[in-house]
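Notes follow the structure.
Proteins get letters first, then strands, A, B, ... in listed order; numbering begins at 1 in each.
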Amino acid sequence: MVNKPDYSALYAREKKVLHIINRIESRGLRWDILKAQQLTRLLNTKIKSCHKKMSALAGEHNPNSPKQVLAILINLGLSRKQLTEKGSLTTGSAILRRAVSELPEKHRAKSCIESLLEYRSYSKTVGTYLIPLTKQALSRDGIIRCEINPVDTITGRMASRQPNLQNIPKSTKNERANPVRSCFICREGYINYYFDYSQMEMAIFGMYADEPRILSAYQNGEDLHTYTASQVYRLPEKKVSDGMRSNCKAVNFGIIYGEGQRALATNLGWNLIQTRSFLDDYYHTFPSIGRFQWQCKEELNEKGYVEDWFGKRYHVPVGQAYKAVNCLVQGTCASIFKQALIKVDSAHHLMYSDCILLPVHDEIQIEHSHNCTIPEEQWCAAIIDKMVQVDEVTSRGLTLRVDVAKSTTNWAEKEKIEL
DNA sequence: ATTTCCTCGC
DNA sequence: TTGCGAGGAAATT
């Protein structure tokens, strides 16, 4: 009486993924121990000076303790309201940055908060990344090997642990090359290539919502956050400002994540009225999106689960129906990615003896022999072709976009290449 | 030993 | 009612 799903194809796929993961875990990534140790020393001095600055302004304390930080900030004159989010006091970076921007020019809390944020950033870099990674590399000949778990996540994404190599900090605008990334160096004789699906979740979301304008914009190579902004604000794309784009980006992701109005408002830095009015414009501009959200909920109410293109079911509690959209979108992307990983692996492994270094949700990193006689463009095109040729995608008329970057030195120095 | 807070990624 | 993860330090049990 219960219609059981046929998971045999998905099961076969996971078995193939396991073999690939085995090779990835054995290979590992090369880590520049000396450079990491130098950077650790450098950042440690910066951490100390931040701490000193804070102590001078606010007295002795442990900056790692949210409790003590809270006491200090209130002591320096910040109101409880400024530090309150969702009813409770917090010292998260988002709320602190907002507080700083609202503070008078030379308020004494200002430089204290700035030092604190700097302190946290450097501490994160050293304590979470540089020291643990160096420790591991020291015991394993300069190679870092993570463990990848492909099955224990809700949506089917893969998780990396000990260490997690999927949350290595990326370079920011102020920082040309991130110190952690710069310590992941290319092996002797290899060039590293980075193939990542461009705006994959938005494209898949557009497919599920069956929104032809978003899909054609995607196939035209346009940036979808800019495109949606141009529609909502009724402007040519060239006239869309950074602010308009980032507003729509927040809404686009918010809808995929199932964000409520309150959370979205916090994200945008707006009040509820402004947020609602903007959402009204958005949904009015793209009626298909509201319809898709509604259909998702309907399917969940009828069947107790939603089912994706691969026949995979997501059993979401009815009280958490807002999660259904994300399960479909993120889960579908995860399946596409795994299928692509299999195709890429079989192709390159058989043909060129290169090695997949690391999968990062929508990106495949590959180590490519420097001596390969095949022209670079041709080799890249072959990889891209494997990533694009996933039946569940092509049969629906979607051609996913793939960006490529490369590096001959380290992860921080990767540069986009045009093909 | 477990939970809370904060921060990193996609 | 902000999706899916991991990890570190402090606080709590």
Taking the six-membered ring of A:Y218, is NZ or CZ of A:R401 closer than 6.0 Å to its centre and within 45° of its axis?
yes
Given atom CD1 of A:I168 and atom P of C:dG8, what is their separation to the nearest angstrom?
12 Å
Grab the NE2-C1' distance between A:H225 and B:dC10 for me, whole Å please.
12 Å
So, OP1 or OP2 of C:dA9: does either fall under 4.0 Å of a side-chain N or O from A:S65?
no
Below 6.0 angstrom between ring centroids: does that apply to A:Y11 and A:Y7?
no
B:dT7 phosphate, OP1 or OP2: any side-chain N/O from A:S93 under 4.0 angstrom?
yes
Can a donor-acceptor pair under 3.5 Å be found between the side-chain atoms of A:Q330 and the base atoms of C:dG3?
yes
Any chance the rings of A:Y282 and A:F278 have centres within less than 6.0 Å?
no
Here's one to test your reading of the geometry: is the NZ or CZ of A:R245 within 45 degrees of the ring axis of A:Y233 and under 6.0 Å from its centre?
no
To the nearest Å, how far apart are A:R97 CZ and B:dC6 P?
13 Å
Does A:K170 place a side-chain N or O at less than 4.0 Å from the phosphate oxygens OP1/OP2 of B:dC10?
yes
Just call it for A:N62: base, sugar-phosphate, or nothing, with non-hydrogen atoms closer than 4.0 Å on any strand.
sugar-phosphate
At under 4.0 Å between heavy atoms, what does A:Q162 touch on the DNA or RNA strands: base, sugar-phosphate, or nothing?
sugar-phosphate
Nearest-Å distance, CD1 (A:I256) to P (B:dC10)?
15 Å
Proximal nucleotide (of C:dC4, C:dG8, C:dT2) relative to the A:E259 side chain:
C:dT2
Give a yes/no on whether any side-chain N or O of A:T91 is located under 4.0 angstrom from OP1 or OP2 of B:dC6.
yes
Under 4.0 Å, heavy atoms only, any strand: does A:R161 hit a base, just the sugar-phosphate, or nothing?
sugar-phosphate
Short side-chain N/O contact to B:dT7 OP1/OP2 from A:R120, under 4.0 Å:
yes
What is the distance, rounded to the nearest whole Å, between atom CD of A:Q365 and atom C1' of B:dG9?
12 Å
Rounded interatomic separation in angstrom, taking NZ from A:K323 and C1' from C:dG5:
13 Å
Taking for each residue the nucleotide of DNA chain C with the nearest heavy atom, is it A:G319 or A:C327 whose nucleotide lies nearer the 5' end?
A:G319
Does a nitrogen or oxygen in the side chain of A:K124 sit under 4.0 Å from OP1 or OP2 of C:dA9?
no
Below 4.0 angstrom from OP1 or OP2 of C:dG3, is there any side-chain N or O of A:Y322?
yes
In this structure, CG of A:L133 is separated from CG of A:D32 (nearest 0.5 Å) by 12.5 Å
Could you tell me how far B:dT7 sits from C:dT1 if I compare only their P atoms? Round to whole Å.
22 Å
Please report the distance, rounded to the nearest Å, between CD in A:Q68 and P in B:dT4.
20 Å
Does A:Y190 have A:R27 sitting over its ring (NZ/CZ under 6.0 Å from centre, angle to axis within 45°)?
yes
